[in-house]
Peer 1: 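One structure follows; several queries about it will come next.
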Amino acid sequence: MPGLPVPHAQHVSLSIGSSVTIRGTTLLPFIKDPQLQVDFHTGTTESSDIAFHLRVYFGHFVVMNSREDGSWKGEVRSSRMPFVDGRAFDLRILVLHNEYQVVVNGQHCYIFAHRLQPGDVRMVQVWRDVSLTSVDISRGRR
């Protein structure tokens, strides 16, 4: 089954209770330092602000941030690494009232407090050194 093209961009409308589920595998072994990047854009272009930025440096650490008025804000780093070298991943981002909650392979791993309203998110982009099986958006309450 062919995967999705990378980078993958999808127009969305997020609300509290929504979730974004990304399934895929890394294209390189962790020793080659592959990365995964997920951006929740407030517009439909790559230059738009980013309400939630998740960048996984496989085998090392995870960085979360936001880009407002074209400027990156304070990054949040975690050394928790639930991703397994050579194994497919199931990454789910839940949109909660006050924060995004990131679940990897069924484990609650990271939280990132909202800096921009999730309702302002218009596009999800997934890219870097990964092969994508699927990117699914589930709608929350309106």
Peer 1: Show which residues join Y57 in its hydrophobic cluster (side-chain heavy-atom contacts under 4.5 Å, direct or indirect), or state none.
Peer 2: F61, V63
Peer 1: I need the minimum non-hydrogen distance between S48 and H41, along with the two atoms involved.
Peer 2: OG-ND1, 3.1 Å
Peer 1: To which residues is L96 joined in a hydrophobic cluster, defined by side-chain heavy-atom contacts under 4.5 Å among Ile, Leu, Val, Met, Phe, Trp and Tyr, whether direct or through other members?
Peer 2: L94, V103
Peer 1: If you look only at pairs with a residue in residues 73-83, which of them pass as a salt bridge (Lys or Arg N to Asp or Glu O under 4.0 Å), with sequence neighbours excluded?
Peer 2: E75-R77
Peer 1: What pair of heavy atoms forms the shortest contact from A51 to V121, and how long is it?
Peer 2: CB-CG2, 3.7 Å
Peer 1: Can you see which heavy atom on F30 is nearest to which on F83, and at what distance?
Peer 2: CE2-O, 3.6 Å
Peer 1: Any non-hydrogen side-chain atom of P82 less than 4.5 Å from a side-chain atom of Y110?
Peer 2: yes
Peer 1: Mind checking ring pair (Phe, Tyr, Trp, His ring centres under 6.0 Å) for H53 and listing every partner two or more places apart, or none if nothing turns up?
Peer 2: W72
Peer 1: Would you compute the distance between atom CD1 of I31 and atom CG of D85 and round it to the nearest 0.5 angstrom?
Peer 2: 9.0 Å
Peer 1: Going by the salt bridge (Lys or Arg N to Asp or Glu O under 4.0 Å) test, which pairs reach into residues 97-126, not counting sequence neighbours?
Peer 2: none
Peer 1: How many angstroms lie between CD in Q35 and OG1 in T26, if you round to the nearest 0.5 Å?
Peer 2: 12.0 Å
Peer 1: What residues form a side-chain hydrogen bond (donor to acceptor under 3.5 Å, both in side chains) with T44, not counting sequence neighbours?
Peer 2: none
Peer 1: Would you check if V20 and I22 make a side-chain contact, meaning some heavy-atom pair closer than 4.5 Å?
Peer 2: yes
Peer 1: Between V56 and M81, is a side-chain contact (heavy atoms from CB on, under 4.5 Å) present by the stated rule, with each step listed?
Peer 2: CA-CA 9 Å; V56 179; M81 188 47 57; 4.2 Å; yes
Peer 1: Just to verify, what does S79 make a side-chain hydrogen bond (donor to acceptor under 3.5 Å, both in side chains) with, not counting sequence neighbours?
Peer 2: none
Peer 1: Apply side-chain contact (heavy atoms from CB on, under 4.5 Å) to L116 and E68, showing your working.
Peer 2: CA-CA 8 Å; L116 298 169; E68 301 169 43; 3.8 Å; yes
Peer 1: Name all pairs fulfilling the salt bridge (Lys or Arg N to Asp or Glu O under 4.0 Å) condition that reach into residues 9-32, sequence neighbours left out, sorted by first residue then second.
Peer 2: R23-D90, R23-D136
Peer 1: Decide whether V38 and M123 are clustered together by the hydrophobic rule: side chain heavy atoms of Ile, Leu, Val, Met, Phe, Trp, Tyr closer than 4.5 Å, transitively.
Peer 2: no
Peer 1: Over all heavy atoms of both residues, which pair between S19 and R92 is shortest? Give the atoms and the distance, please.
Peer 2: OG-NH2, 3.5 Å
Peer 1: Can you tell me how far OG of S66 sits from CD1 of I50, rounded to the nearest 0.5 angstrom?
Peer 2: 9.0 Å
Peer 1: So, taking the atom named OG in S18 and the one named CD1 in I137, what distance separates them when rounded to the nearest 0.5 Å?
Peer 2: 8.5 Å
Peer 1: If you look only at pairs with a residue in residues 41-66, which of them pass as a salt bridge (Lys or Arg N to Asp or Glu O under 4.0 Å), with sequence neighbours excluded?
Peer 2: none
Peer 1: Between atom CD1 of I93 and atom CG of L54, what is the distance when rounded to the nearest 0.5 Å?
Peer 2: 5.5 Å
Peer 1: If you compare all heavy atoms of N65 against all heavy atoms of G74, which two are closest, and at what distance to 0.1 Å?
Peer 2: OD1-O, 3.3 Å
Peer 1: With heavy-atom distances below 4.5 Å as the criterion, would you say the side chains of V84 and F89 are in contact?
Peer 2: no
Peer 1: With Y100, which residues qualify under ring pair (Phe, Tyr, Trp, His ring centres under 6.0 Å), at least two apart?
Peer 2: F40, F52, H114
Peer 1: Please determine whether side-chain contact (heavy atoms from CB on, under 4.5 Å) holds for the pair D39 and V124, giving the CA-CA distance in whole Å, both sets of side-chain angles, and the decisive distance to 0.1 Å.
Peer 2: CA-CA 6 Å; D39 294 316; V124 170; over 6 Å; no
Peer 1: Go through T21 and V135 one step at a time and tell me if the side-chain contact (heavy atoms from CB on, under 4.5 Å) criterion holds.
Peer 2: CA-CA 6 Å; T21 303; V135 176; over 6 Å; no
Peer 1: Could you list the residues that satisfy side-chain hydrogen bond (donor to acceptor under 3.5 Å, both in side chains) with D33, not counting sequence neighbours?
Peer 2: H60
Peer 1: Please tabulate, for the side chains in residues 3-11, all donor-acceptor contacts under 3.5 angstrom to protein atoms that are two or more places apart in sequence or on a different chain.
Peer 2:
residue	atom	partner	partner atom	Å
H8	NE2	Q10	OE1	2.7

Peer 1: Closest heavy-atom contact between C109 and V104?
Peer 2: SG-CB, 4.0 Å
Peer 1: Measure the CZ-CG distance between R128 and L36 for me, rounded to the nearest 0.5 Å.
Peer 2: 9.5 Å
